[in-house]
Number of protein chains: 4
Amino acid sequence: MNRARTSHAKEQRRQALLDAALDEFFEKGYTAARMDDIASRAGVSKGTVYLYFKSKEQVFHGLINSIASPKIQELEVVLHSAGSAKEALQMLFRIMPMIVAHSPMPKLAKVLIGDCNAFPEVVCHYRQQVIDRGIGAITQLLEAGKRSGELQVADADLTARLVIAPMIYAAIWRVVFEIGVEQPLNVEALFELHDSMIIKALSAD
Amino acid sequence: MNRARTSHAKEQRRQALLDAALDEFFEKGYTAARMDDIASRAGVSKGTVYLYFKSKEQVFHGLINSIASPKIQELEVVLHSAGSAKEALQMLFRIMPMIVAHSPMPKLAKVLIGDCNAFPEVVCHYRQQVIDRGIGAITQLLEAGKRSGELQVADADLTARLVIAPMIYAAIWRVVFEIGVEQPLNVEALFELHDSMIIKALSAD
Amino acid sequence: MNRARTSHAKEQRRQALLDAALDEFFEKGYTAARMDDIASRAGVSKGTVYLYFKSKEQVFHGLINSIASPKIQELEVVLHSAGSAKEALQMLFRIMPMIVAHSPMPKLAKVLIGDCNAFPEVVCHYRQQVIDRGIGAITQLLEAGKRSGELQVADADLTARLVIAPMIYAAIWRVVFEIGVEQPLNVEALFELHDSMIIKALSAD
Amino acid sequence: MNRARTSHAKEQRRQALLDAALDEFFEKGYTAARMDDIASRAGVSKGTVYLYFKSKEQVFHGLINSIASPKIQELEVVLHSAGSAKEALQMLFRIMPMIVAHSPMPKLAKVLIGDCNAFPEVVCHYRQQVIDRGIGAITQLLEAGKRSGELQVADADLTARLVIAPMIYAAIWRVVFEIGVEQPLNVEALFELHDSMIIKALSAD
DNA sequence: AATGAATGAGCGTTCATTCAT
DNA sequence: TATGAATGAACGCTCATTCAT
């Protein structure tokens, strides 16, 4: 492979390595993934990986950090831009299938679940920076809906969890059960249904 | 360790090894789990494991088989014993928190998710014998409720998935985010809420 | 297996173990042969072998000792019973194919060759008690024939070696190259030819 | 150990490993030989062996292939270059002691004999490519001598075997009985004697 | 005397990491 | 910066040996 001289080229190569790492970690899990395979998937040789990451563990940390944070900020912005709570929920239910079907989130989730015990700090950090903030944003919108009388919400935090549960379910389903399967889960329809059921369940009588 | 001479004692030891294996696989993942550690967790020496299982892979298969199938049969029986669809759902929502909090299912799920790519046949078999049957049973009860006019169900299969989604969510949550955390998720309350929201969402207007 | 109470029964079982050991050592070599397999081939359990032999090494030694010595004494007797040197040689050439085709010698030779470096004392002992005595006996008969003018012998020791060389060749051939081969070496014919050629080569002009 | 960078240096290192392997297999047998010992005898570490050979078995195959074939072609050429059958035989009897005393053949033969049952395909291949061709070449020269009236040959194939038998004998003798022995077999004299006896035995009356 | 469950040292093999070029 | 040969710790698995019954 020709050399990455500029800092831009280096950043690109670093990203290529992270992409390769995600795929390898996803397919094999952290322990079974081989540095060699990450390297060749990124089109470089084994030693090169160590120019960009100090160790396999650092590749993992780099991977988590590169994916985690940005998405949540987007989410927070989107939810705050909605006029009403129901509108915000509907935006959410339109975003969710996109995340499940067209983002690296399911792969990352699989990796995190599989290797969570090997990286408790990562899990902790991830929970605080991603999960808690995500659930927090939804909790807030539910409480706003409750205050405005728009929604009937008994426990906003638990309700937020029920709101995102199908996303977790669908993400897991995709990465675990849809490897080489002909009939994939209809994610769009699932979230449309979820939308209508949640709206009905939270509507004032 | 004293010897297992009767076939009963041997079966007990086999089970002790499977228990140890579940914990090790759960904590480290299949690849990172060491046969040595499984052995000492079960209180025997390395070589002894191989008296009960031909290989690490066979330990894994033994583990999956020992946990998977029986539970689902129970579920099917329970659901069919209910008088009405709503009653059946309520039984389901009382069972779910038990499964999440007091069965090996969450640990097993974590293992399966983490190592699904290493054992596609296991995943396939598990899906057919456990997942599809579980979702199938719920789908049937929803359709029965629909036929009797008790429930409003647009798509029974997708609805069944939304019914179980919080169980997947809660199971994952427990094993991933509640390692050494002081404030655990209130699973009971979550499923009570899920119960009331699902019932409301499926009720005739 | 029922117990061997009398010392005769014990001796029989010991012999059964040695027979099994010869076959196992022959088929796998000393290192690759498993005590377990020797035991089951003899129809007893693993632990029983250790009632008759202190260790795997002792099984090997027991095996060598049980086969080696007696045969050579027979040979010495036979050769001394002959009227003339040529007669003695002819007896020898009739015995040789029997040894090659119908005695455990080829198997034993294969084992000894394969594991000679692991058991230098055994090899040394075997050479002194079997090989040197065998070659010595033939050397003596050749020298007797030379003294009587019956044979032309330049170097009796080397000639003795040329006399037995085809037996070594045939023994090796059988155990190495005739495993599952349809057309075996015609040992009888080989030694008839050897007989005639040696006689002609050693005859006075 | 410094690195083998050029393909020439790598070929050299591969050869060094094969040399080490021959010695280890010869001394301990295939099963008892340790990859570690092969490595250190070649001056490299354990892992390095696996850069050159996929497995212990492949080391064995590599060893057989590296030694077997070339020698026989030489032999065929040499025998065909002789003016007469007797001349050819004499050349053969001058080559034989060289092979026994100064080639790896005796060591290789010992290894092959000791582990023939573990590698039946190797034995089969070796027999066809080396043994049968070697015996075939000698058979042909004997038949040529017979046709020209130079030699009296009853059965060319069996005679060829008697011609080479002392080489097998001497090779075995060397590797089995001359480990740490002061008085080695006089191989030169043995083959001189064999020469004269064979010539006499095959001469027309 | 016989069994076979248990042990643990030992070996083949893998792979993260290093480093000379 | 990039390479890939070399290393050696680590792990799955085997099997000679022990010992309680």
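All of these numbers come straight from a predicted model, not from anything done at the bench. Note that these values count all heavy atoms, side chains included, but never hydrogens, waters or copies made by symmetry. All chains are named by letter (A, B, ...) in the order of the sequence lines, taking the proteins before the strands, and each is independently numbered beginning at 1.
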> How do D:Thr31 and A:Ser55 order along DNA chain E: which one's closest nucleotide is nearer the 5' end?
Replying inline: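 Its nearest nucleotide being more 5', the pick is D:Thr31.
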> Does B:Val49 or D:Arg3 map to a spot on DNA chain E nearer the 5' end, using the closest nucleotide for each?
Replying inline: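 Residue closer to the 5' terminus by nearest nucleotide: B:Val49.
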NA contact type, [X], heavy-atom cut-off 4.0 Å: base, sugar-phosphate, or nothing?
X	answer
B:Arg5	sugar-phosphate
B:Phe53	nothing
B:Ala33	sugar-phosphate
B:Ala9	nothing

Rounding to an integer number of Å, can you tell me how far [X] [atom1] sits from [N] [atom2]?
X	N	atom1	atom2	result
B:Lys56	E:dT13	NZ	P	18 Å
C:Arg34	E:dG4	CZ	P	15 Å
D:Gln58	E:dG12	CD	P	15 Å
C:Phe25	F:dC15	CZ	P	14 Å
B:Asn2	F:dT21	CG	C1'	12 Å
C:Asp36	E:dA6	CG	P	15 Å
C:Lys28	F:dC15	NZ	C1'	12 Å
A:Tyr50	E:dC19	OH	P	13 Å

> D:Glu27 pairs by salt bridge (Lys or Arg N to Asp or Glu O under 4.0 Å) with which of D:Lys107, D:Lys110, D:Arg41?
Replying inline: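 Result for salt bridge (Lys or Arg N to Asp or Glu O under 4.0 Å) with D:Glu27: D:Arg41.
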>> Please compare B:Met35 and C:Gly47 by the position of their nearest nucleotide in DNA chain F and report the one closer to 5'.
In response: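 Its nearest nucleotide lies further toward 5', so the answer is B:Met35.
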> Quick one: on DNA chain F, does D:Ala4 or B:Tyr30 contact a more 5' nucleotide (nearest heavy atom)?
Replying inline: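 Its nucleotide being nearer the 5' end, the pick is D:Ala4.
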>> If I compare all heavy atoms of A:Thr31 with all of B:Ala32, which pair ends up nearest, and what's the gap?
In response: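 Distance-wise, the nearest heavy atoms are OG1-CB, 3.3 Å.
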> Could you go step by step and tell me if C:Val176 and D:Val123 meet the side-chain contact (heavy atoms from CB on, under 4.5 Å) rule?
Replying inline: CA-CA 7 Å; C:Val176 175; D:Val123 168; 4.0 Å; yes
>> Within the structure provided, determine whether C:Lys56 and C:Phe25 are in side-chain contact (heavy-atom separation under 4.5 Å).
In response: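 In short, these two side chains touch, coming nearer than 4.5 Å.
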>> Using side-chain heavy atoms (C-beta onward) and a distance below 4.5 Å, is A:Glu121 in contact with A:His61?
In response: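 When only atoms from C-beta onward are counted, A:His61 and A:Glu121 do touch, with a gap below 4.5 Å.
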> What class does the angle between the rings of C:Phe119 and C:Phe60 fall in, given that below 30° is parallel, 30 to 60° is tilted and above 60° is perpendicular?
Replying inline: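 Parallel.
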>> Can you tell me which nucleotide in E:dA6, F:dG8, E:dA1 comes closest to the side chain of D:Ser45?
In response: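 The closest nucleotide is F:dG8.
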> With respect to the phosphate group of F:dT3, does any side-chain polar atom (N or O) of A:Thr48 fall under 4.0 Å of OP1 or OP2?
Replying inline: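 A:Thr48 to F:dT3 OP1/OP2: side-chain N or O found under 4.0 Å.
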> Taking only side-chain nitrogens and oxygens of B:Tyr52, does any of them come within less than 4.0 Å of OP1 or OP2 of E:dA5?
Replying inline: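 Result: no.
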> For F:dT18, which nucleotide in any strand shown is its Watson-Crick or wobble partner with both distances under 3.5 Å?
Replying inline: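 By the stated definition (distances under 3.5 Å), E:dA5 pairs with F:dT18.
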> Can you find an N or O donor on one side and an acceptor on the other, under 3.5 Å apart, linking the side chain of D:Lys46 with the base of F:dT7?
Replying inline: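 Under the 3.5 Å cut-off, the side chain and the base do not form any donor-acceptor pair.
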